Amino acid sequence: MNKRDIILLAVVIVISAVLFVPTLFHKSGTEAFVYVNKELYGRYDLAEHKELIIDSNGITDDIVIGDGYVYMKDATCPGRQCVHSGRISGNNESICCAPAGVMIVVKSEKDSEYDAITR
Amino acid sequence: MMRSPGRKITTAAAFVALGLIMGYIESFIVLPVGIPGVRIGIANIAVVLAMYLLGPVYGGCILLVRVILSSMLFGSGASFLYSLCGGAFSYVVMVLLSRHGFSIYGVSVAGAVVHNIVQTVVAYILMGSIYVMYYIPPLMFIGVFAGLLVGFVSDIMYKRLRRIMIFNEEGI
């Protein structure tokens, strides 16, 4: 390790910390937006219990919504990284199952109204 | 270092095999991020070593062959695109840094970080959702430590392999 390496390490850590700080102040979201292959599949209130089974690209995703959270309960994709993502609740947090093309984004009510206008 | 092209090619093949095995072992270690191919980068050890021992051209070919083979053996069409983009960009950055006074540690950290960022950008393009970008800060942070680990192992292996390879050249 030389001086340049240490500068590089410091720069990367500082940049990631600076980018990370705003995500700590996320309000909790109220709605889950589920997208399948870039199309809006549906929007669901995080307070209501619901289980979605989505078949896409030959992969089955089992999404559970409720108690202010949304998580991927099970998926038949290789690696199952979406299942390992855990449950999310914060505004703008997301779970992505890339092989299936499934994307779950949590939004707060204010933001989702804004979103409905822009999309 | 190694002048015989035959020996260089067979050594390159050994590095491809090493990278494939490392990649396979690595596929059991899943990081909790929903982007395919975001890994610690153990397989990158083979590429870093090849780059230093055999030169950037051989290193690049080894990377390409490893990505194609591992996608055919263990992956899917989507994972090929992710690994190829991540691998190619990180390799270019690694070659540039290694020529500008960075040690094997700095080179592998930069490789890991760029690899993770590029894969997130590919996920953004394929998924069409800007929200995957929220993964970038934690991924950069993970990349630093993953890169240090790769650099540490590569450093030890490089010092030993360099000696063995010189010995072979003179001894046989």
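Not measured: the values here are computed from a predicted model. Lettering of chains follows the sequences in order, A, B, ..., and the numbering in each one begins at 1.
When all heavy atoms of B:M140 and A:L19 are compared, the closest pair comes out as SD-CD1, 4.3 Å. In terms of heavy atoms, B:I125 sits closest to A:K38 at O-NZ, 3.4 Å. Between A:L8 and B:G106, the shortest heavy-atom contact is CD2-O, 3.3 Å.
If you chain together hydrophobic residues whose side chains sit under 4.5 Å apart, B:L64 and B:L49 fall into the same group. One hydrophobic cluster, built from ILVMFWY side chains closer than 4.5 Å, holds both B:L148 and A:I13. Tracing side-chain contacts under 4.5 Å through hydrophobic residues (I, L, V, M, F, W, Y), one reaches B:V16 starting from B:L18; they form part of the same cluster. Linking Ile, Leu, Val, Met, Phe, Trp and Tyr residues whenever their side-chain heavy atoms come within less than 4.5 Å places B:L69 and B:I62 in a single cluster. Cluster membership check: A:V64 does not share its hydrophobic cluster with A:I54, using side-chain heavy-atom separations under 4.5 Å among Ile, Leu, Val, Met, Phe, Trp and Tyr.
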Inset, instruction - Might you work through the side-chain contact (heavy atoms from CB on, under 4.5 Å) test for A:D5 and B:V109, ending with a clear yes or no? - result: CA-CA 9 Å; A:D5 295 335; B:V109 166; over 6 Å; no

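B:F145 pairs by the ring pair (Phe, Tyr, Trp, His ring centres under 6.0 Å) definition with B:F141, not counting sequence neighbours. Under the ring pair (Phe, Tyr, Trp, His ring centres under 6.0 Å) criterion, A:Y41 pairs with no residue at all, not counting sequence neighbours.
For A:V83, no part sits under 4.5 Å from any heavy atom of chain B, backbone or side chain. Contacts between A:V105 and chain B at a heavy-atom distance below 4.5 Å involve the side chain alone, from C-beta outward.
Between the CD atom in A:E93 and the OH atom in B:Y135 there is a gap of 8.5 Å [rounded to 0.5 Å]. Put simply, CG on B:L97 and CZ on A:R4 are 9.5 Å apart, with the number rounded to the nearest 0.5 Å. Once rounded to the nearest 0.5 Å, the distance linking CD1 of B:I136 with OG of A:S16 reads 11.5 Å.
Annotation: maximal heavy-atom pairing with chain A below 4.5 Å, among B:D155, B:V107, B:L126, occurs at B:L126.
Summarising the local packing, OH of B:Y124 is surrounded by 12 or fewer heavy atoms from other residues, nucleotides or ligands at distances under 6.0 Å. Residue A:E51 places its CD atom among more than 12 non-hydrogen atoms of other residues, nucleotides or ligands, all under 6.0 Å distant.
When hydrophobic side chains of Ile, Leu, Val, Met, Phe, Trp and Tyr are connected at separations under 4.5 Å, A:V14 ends up clustered with A:V18.
Within residues 85-93 of chain B, no residue has a heavy atom under 4.5 Å from a heavy atom of chain A.
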